[in-house]
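Below is one structure, written out as structure tokens; the observations come after it.
All values below come from the heavy atoms of this structure, side chains included, with hydrogens, waters and symmetry mates left out.
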Amino acid sequence: MPPSVGDHTVYKELRLHQITDPALGNFFAAMYRFLKRLNDTYYGGGLPIPILSLSKDGSRRGHFVERDGLGLENRINLNPFIIQTGREAAEVAAHEQVHLWQALVGRPCVGNYHGEEFHAKVAELGILTDDRAGYHKGY
């Protein structure tokens with residue numbers, strides 16, 4: 001079993017690389033602080049801090065990946081081609097962190113479905129989603 005994501009040297013080095021990037025370092029540093037604060041406040045510090053990535057993601061604003069093709073666990077991708085503000089990036093990251101929580105602690109969603117447990121958790125965070133009428137904010 002690999003060490004916890006937050007403790008693994010590869011993850012620490014990747015985060016250090018991201019937060020010291022001349023162009024995007026401030027963004028990554030702010031996002032990691034935000035995710036840590038959410039983790040401490042709403043999850044009792046029990047979740048690993050996910051790895052963040054930025055890449056085009058079709059029409060979605062972001063998505064959560066439990067394990068990617070490089071073996072990185074608990075990655076949140078944010079789509080910089082759609083996300084326009086830091087506040088929107090934080091909202092998407094918080095939404096995707098709920099998927100992380102469900103993957104590790106709750107009952108994971110099936111496919112792209114947001115069930116009752118998911119809606120209850122995002123409501124606790126103050127994020128609104130509504131899938132009941134087929135509406136999806138493009139996460």
Side-chain angles (χ1 to χ4, degrees):
M1 178 66 104
S4 162
V5 171
D7 297 334
H8 199 284
T9 302
V10 170
Y11 296 90
K12 287 180 181 179
E13 290 298 321
L14 181 54
R15 285 191 193 95
L16 179 62
H17 173 74
Q18 289 177 316
I19 65 174
T20 59
D21 178 87
L24 294 169
N26 289 338
F27 170 78
F28 279 114
M31 290 302 296
Y32 283 122
R33 282 192 308 271
F34 172 72
L35 288 170
K36 182 178 182 333
R37 190 173 333 122
L38 278 181
N39 185 15
D40 292 345
T41 303
Y42 293 99
Y43 306 100
L47 297 179
I49 301 300
I51 293 295
L52 295 173
S53 61
L54 300 173
S55 67
K56 190 170 185 176
D57 194 15
S59 63
R60 295 188 301 181
R61 297 190 306 163
H63 71 274
F64 168 71
V65 179
E66 278 187 74
R67 186 175 179 91
D68 69 15
L70 296 173
L72 293 175
E73 296 176 338
N74 305 320
R75 182 172 57 83
I76 290 177
N77 184 67
L78 302 173
N79 185 346
F81 294 92
I82 294 178
I83 295 172
Q84 297 181 9
T85 66
R87 181 183 177 133
E88 187 178 4
E91 181 183 271
V92 173
H95 172 107
E96 300 307 333
Q97 192 175 36
V98 174
H99 286 294
L100 166 62
W101 168 77
Q102 279 195 299
L104 297 176
V105 179
R107 295 180 309 274
C109 296
V110 176
N112 207 16
Y113 176 72
H114 297 125
E116 289 180 29
E117 180 182 60
F118 183 90
H119 283 287
K121 194 61 155 174
V122 295
E124 183 182 330
L125 299 174
I127 301 169
L128 300 177
T129 60
D130 187 0
D131 296 334
R132 290 172 289 237
Y135 172 76
H136 189 264
K137 289 183 81 168
Y139 289 100

For [X], all residues meeting side-chain contact (heavy atoms from CB on, under 4.5 Å), sequence neighbours excluded:
X	answer
R37	F34, T41
A30	R33
T85	R87, E88
F81	K56, N79

Is it the case that over 12 heavy atoms from other parts of the model lie below 6.0 angstrom from the CD atom of E124?
yes

Non-neighbouring partners of E66 that pass side-chain hydrogen bond (donor to acceptor under 3.5 Å, both in side chains), sequence neighbours left out:
none

Under the side-chain hydrogen bond (donor to acceptor under 3.5 Å, both in side chains) test, residues paired with Y32 that sit two or more places apart
Q18

Using salt bridge (Lys or Arg N to Asp or Glu O under 4.0 Å) as the criterion, list what pairs up with E13, not counting sequence neighbours.
none

Indicate the atoms forming the closest heavy-atom contact of E91 with R61, along with that distance.
OE2-NH2, 3.0 Å

Where is the tightest heavy-atom contact between I82 and R60, given as atom of each residue plus distance?
CD1-O, 3.6 Å

Would you mind reporting whether K121 and Y43 have side-chain heavy atoms less than 4.5 Å apart?
yes

For S55, is there any backbone N or O sitting under 3.5 Å from a side-chain donor or acceptor partner on N77?
yes

Which pairs would a plain distance check flag for residues 20-28, meaning a side-chain donor or acceptor within less than 3.5 Å of a matching protein atom at least two apart in sequence or in another chain?
{"from": "T20", "atom 1": "OG1", "to": "L16", "atom 2": "O", "distance (Å)": "2.7"}
{"from": "T20", "atom 1": "OG1", "to": "H17", "atom 2": "O", "distance (Å)": "3.3"}
{"from": "D21", "atom 1": "OD2", "to": "A23", "atom 2": "N", "distance (Å)": "2.9"}
{"from": "D21", "atom 1": "OD2", "to": "L24", "atom 2": "N", "distance (Å)": "2.7"}

So that I know where these two stand, are F64 and H95 an aromatic pair - ring centroids less than 6.0 Å apart?
no

